[in-house]
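One structure below.
This chain uses plain numbering: 1 for the first residue, then up along the sequence.
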Amino acid sequence: MIDIVASGVLFDMDGTLVDSTAVVEATWTRFAEEHGIDPAEILAFSHGRQAISTIQRFLPDLDTDEQLRIAARLVDEESASTEGIAEIPGAAAFVERLLAAGVPVALVTSAPRDLAVGRMAAAGLTMPTAFVPSEDVEHGKPHPDGYLRGAALLGVDAADCVAFEDAPAGLESAIASGATTVVVGGHESDVTAGLHRVPGYDGITVTADGAAFRIRG
């Protein structure tokens, strides 16, 4: 159950609004097999992070240009497939409720711009006007830069926002920004201790609360 008063809402994308598990796991599993790396280890690290961060972690001896080339190829592979992509339960309707109520909403994702736009469309989700893709931040998650930029685009202090996240790197990023952080789904670790949690968005209501908004469910 959640009962939060906030002035803005910040969303991660993959695993938070969009279920892209099949595409992501297939892409990174192929990469792992090509390079003799345990796929489980790659998937555990990569979720919620920019592709280049994962390449740098597992192929540190390559020069920067080669790392960037591999990262770009992986993003192209993911962009080419929308098979199995769907909304997290209730996500599309919840975003629409927020926008209809006049709540400032931003998308803060580790995905590049074109991949994010395509994936949101494939899942049937409205793209918020305020949008922070990977190209727009110097430091990706778990750094708080993306969420701080998202809040700035909304004209709201991050501490007055609620952030919805699902992955360790993203949760660390949201928490570090000062936003009230909600775990979406079942991930549990030290970083989730004491945080709000929702399995999905069905039944979450949005009402005005003075100059802010109350999100309950």
Among the clusters formed by ILVMFWY side chains lying less than 4.5 Å apart, do [X] and [Y] turn up in the same one?
| X | Y | answer |
| --- | --- | --- |
| F131 | F11 | yes |
| L99 | L10 | no |
| V5 | V182 | no |
| V108 | L171 | no |
| L74 | F45 | yes |

* Under 30°, 30 to 60°, or over 60°: which ring-plane class applies to Y201 and F94, parallel, tilted or perpendicular? -> parallel

* Asked: Ion pair present between R30 and E33, side-chain N to carboxylate O less than 4.0 angstrom?
  -> no

* Thinking salt bridges, do E77 and R73 make one under a 4.0 Å N-O criterion? -> yes

* Exceeds 12 heavy-atom contacts within 6.0 angstrom, atom CD of E138 -> no

* Asked: If you draw a 6.0 Å radius around CD in E83, do more than 12 non-hydrogen atoms from other residues or ligands fall strictly inside?
  -> no

* Asked: Which side chain to side chain donor-acceptor pair (under 3.5 Å) pairs, counting each pair once, include a residue from residues 150-169, with sequence neighbours left out?
  -> T16-D166, H47-D166, K141-E165, Y147-E165

Does [X] reach the side chain of [Y], with side-chain heavy atoms less than 4.5 Å apart?
| X | Y | result |
| --- | --- | --- |
| L125 | V18 | yes |
| F213 | P104 | yes |
| R49 | S173 | no |
| P133 | P112 | no |
| F164 | V9 | yes |
| M13 | L107 | yes |
| L115 | E78 | yes |
| T205 | I215 | no |

Nearest-0.5 Å distance, [atom1] of residue [X] to [atom2] of residue [Y]:
| X | Y | atom1 | atom2 | result |
| --- | --- | --- | --- | --- |
| I55 | I42 | CD1 | CD1 | 7.0 Å |
| M120 | T109 | CE | OG1 | 9.0 Å |
| M127 | L17 | CE | CG | 9.5 Å |
| D14 | I88 | CG | CD1 | 9.0 Å |
| L148 | L153 | CG | CG | 11.0 Å |
| D63 | Q67 | CG | CD | 7.5 Å |

Is it the case that the side chain of [X] and the backbone of [Y] share a donor-acceptor pair, with hydrogens and angles ignored and the cut-off at 3.5 Å?
| X | Y | answer |
| --- | --- | --- |
| R197 | G185 | yes |
| Q56 | P60 | no |
| D19 | T21 | yes |
| R119 | A111 | no |
| Q50 | S110 | no |
| S177 | A174 | yes |
| T181 | A179 | yes |

* To do: Please assess F31 against L59 for the test side-chain contact (heavy atoms from CB on, under 4.5 Å), listing each intermediate value before the final yes or no.
  => CA-CA 11 Å; F31 166 82; L59 299 177; 3.7 Å; yes

* Evaluation steps, side-chain contact (heavy atoms from CB on, under 4.5 Å), between I70 and I52 -> CA-CA 8 Å; I70 293 172; I52 186 60; over 6 Å; no

* To do: Would you please test R216 and I2 for side-chain contact (heavy atoms from CB on, under 4.5 Å) and show each step?
  => CA-CA 5 Å; R216 305 173 72 178; I2 60 172; 5.8 Å; no

* Let me know which of L195, V198, V191 forms a side chain to side chain contact (heavy atoms under 4.5 Å, CB included) with V183. => L195

